[in-house]
S.K.: 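Just dropping this structure here.
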Amino acid sequence: MVVNIRDEGKSIAKEDTDKLFTQFERLGQESPAGPRGTGLGPVVCKRLVEAHGGRIWVESRPGNSSAFYFTLPIGR
C-alpha cells in the first residue's frame, strides 16, 4: 500500500530533503522566529514505517508543495 500526503505550504529545498529524516534536524533556519518543534516528528514517522516493513520519503519542487509518501506491506 502506498499513502501520499501533499501539503500546500512552502516547498522543501532539495538539500534539505536529505536532512528531513535526521534526528533533531529542524528546517527553517531562514525564518525570523527560527525553526519550531523538536526535530523528531519525521524521524518517529520513519521508524514506525520501517518497523512495519515500509519505506518513507518526500518529494518537493521549489515553489510548489511537498508530497510525503510511505509504503506498508499488505497481508503480513
Side-chain angles (χ1 to χ4, degrees):
M1 168 176 62
V2 178
V3 177
N4 173 339
I5 302 162
R6 181 175 301 279
D7 70 14
E8 297 299 326
K10 186 176 165 185
S11 60
I12 301 169
K14 175 63 178 159
E15 59 271 12
D16 288 340
T17 59
D18 296 332
K19 297 186 252 178
L20 186 64
F21 297 102
T22 303
Q23 190 168 317
F24 301 117
E25 183 67 48
R26 299 184 311 163
L27 307 178
Q29 295 289 345
E30 72 283 349
S31 169
R36 294 176 32 190
T38 61
L40 292 174
V43 175
V44 170
C45 292
K46 181 178 181 179
R47 289 183 181 170
L48 287 169
V49 167
E50 289 177 348
H52 287 88
R55 185 170 87 87
I56 189 169
W57 69 98
V58 63
E59 294 177 2
S60 187
R61 293 185 321 229
N64 291 313
S65 59
S66 299
F68 293 82
Y69 298 84
F70 69 91
T71 62
L72 291 174
I74 295 177
R76 265 181 81 172

S.K.: For Leu48, give me all partners under side-chain contact (heavy atoms from CB on, under 4.5 Å), at least two apart in sequence or on another chain.
M.R.: Val44

S.K.: Rounded to the nearest 0.5 Å, what separates atom OG in Ser66 from atom CG in Asp7?
M.R.: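 Separation between the atoms: 5.0 Å.
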
S.K.: Looking only at heavy atoms, what is the nearest atom pair of Pro73 and Gly54, with distance?
M.R.: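 Closest approach of Pro73 to Gly54, heavy atoms only: CD-N, 4.1 Å.
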
S.K.: Could you tell me whether the side chain of Glu59 reaches within less than 4.5 Å of the side chain of Tyr69, counting heavy atoms only?
M.R.: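 Yes, side chains in contact.
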
S.K.: Please report the closest heavy-atom contact between Ile56 and Cys45, naming both atoms and the distance.
M.R.: CD1-CB, 4.0 Å

S.K.: Is there a path of hydrophobic side-chain contacts, each under 4.5 Å between heavy atoms of I, L, V, M, F, W or Y residues, that connects Trp57 with Val49?
M.R.: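 Looking at the clustering, Val49 is in a separate group from Trp57.
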
S.K.: Does the side chain of Val3 come within less than 4.5 Å of Ile5's, by heavy atoms?
M.R.: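 Counting from C-beta outward, Ile5 and Val3 do come under 4.5 Å.
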
S.K.: Any sub-3.5 Å donor-acceptor pair from Thr71's side-chain atoms to Met1's backbone N or O?
M.R.: no

